[in-house]
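Before any comments, here is the structure.
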Amino acid sequence: MPHEIAPRSGVAFTLDEGQRLTVIDPLGEQVADLLAFSRADIGEVISCGRTLDYASKIYLTTGDRLYSNRSKVMLDIIEDEVGRHDFLLTPCSKDTFRIIYGDNDPHQGCFGNLAAALAPHGVIPDMIPTAFNVFMNVPVDGVTGELRVEPPLSKAGDRIVFEARMDLIIGLTACSALQSNNGSFKPIHWRVE
Ligand SMILES: [Zn+2]
């Protein structure tokens, strides 16, 4: 049985080199923000800039590698049933909801959920980078660079599988932003093997 992340919440757990992490969208159209820190030194963290630079593209899928800020491979994508994820946008946060949605009493979002889940591992909020946003669908206009956040392409039961290339601390959420999840908050399932 997979673990379940409740809607609008997040978890942290360890993933050993060689272990596989499967992230499943049980109901469809739900984003999961993923962070990775090296267990040997939490100053080494997943890097969108390095990853997109080395991949020479912004949409990553099976066969692509997620790099750290020190240019080491942290995770390989070894299976992907969706083929559309985002690695441009930061985790949704109180400020996201204040600035984009105009909320007066905003939810802490993926950022707050990740900060809380990762705090016992020594991660402080300022160490949280852009997450690999599993199942998030952000088409980019190739000429103007304009971004749009659209409903995920994931259907119920769709999955992506990562294999760890170093010992990691993983942060993972069921995303809290209405726009990213086609207007409703749903759980995320995950398992390690
Ligand atoms: Zn989110």
Side-chain angles (χ1 to χ4, degrees), residues 2-13 15 21-37 45-49 51-52 58-61 66 74-75 77 80 82-119 121 123-140 147-156 158-160 162 168-190:
H3 303 279
E4 178 163 304
I5 304 173
R8 298 193 112 182
S9 70
V11 297
F13 53 90
L15 187 69
L21 167 64
T22 302
V23 180
I24 304 154
D25 182 350
L27 302 178
E29 298 189 324
Q30 174 63 42
V31 169
D33 287 20
L34 180 142
L35 290 179
F37 293 82
V45 60
I46 194 167
S47 168
C48 64
T51 299
L52 300 184
I58 58 171
Y59 299 132
L60 305 176
T61 186
L66 305 184
M74 301 189 106
L75 294 157
I77 302 174
D80 179 11
V82 177
R84 178 57 64 88
H85 316 279
D86 169 70
F87 208 4
L88 297 173
L89 304 184
T90 51
C92 64
S93 67
K94 270 189 192 302
D95 295 317
T96 310
F97 298 131
R98 184 175 54 79
I99 292 167
I100 294 182
Y101 295 80
D103 289 356
N104 290 323
D105 183 22
H107 189 273
Q108 68 177 357
C110 288
F111 188 91
N113 289 332
L114 288 164
L118 289 161
H121 296 277
V123 174
I124 62 169
D126 281 346
M127 294 165 65
I128 294 178
T130 297
F132 184 70
N133 301 307
V134 175
F135 309 132
M136 189 173 184
N137 183 15
V138 183
V140 179
L147 306 171
R148 292 192 319 281
V149 177
E150 297 211 333
L153 302 181
S154 48
K155 302 179 301 296
D158 280 351
R159 72 188 59 206
I160 183 171
F162 305 89
L168 297 170
I169 302 157
I170 297 289
L172 191 66
T173 69
C175 176
S176 304
L178 275 174
Q179 197 181 15
S180 306
N181 302 294
N182 202 16
S184 66
F185 305 123
K186 300 167 288 292
I188 283 290
H189 289 178
W190 62 278

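Just follow the structure's listing: the first ligand is 1, and inside any ligand the first atom is 1.
- The distance cut-off of 2.8 Å around the Zn ion (ligand 1) captures these protein N, O or S atoms, sorted by chain and number: C92 SG, C110 SG, C175 SG.
- The aromatic rings of F132 and F162 stand perpendicular to each other, their planes meeting at an angle above 60°, with 30° marking the opposite boundary.
- Remark: the backbone N or O of C48 is not paired with any side-chain donor or acceptor of T51 at under 3.5 angstrom.
- Side-chain N or O atoms of H85 include one that pairs as donor or acceptor with a backbone N or O of F135 at under 3.5 Å.
- Between the side chain of N137 and the backbone N or O of P151 there is at least one donor-acceptor pair closer than 3.5 Å.
- Between L89 and L147 the shortest side-chain heavy-atom distance falls below 4.5 Å.
- With contacts defined as side-chain heavy-atom distances shorter than 4.5 Å, the pair L52/L60 qualifies.
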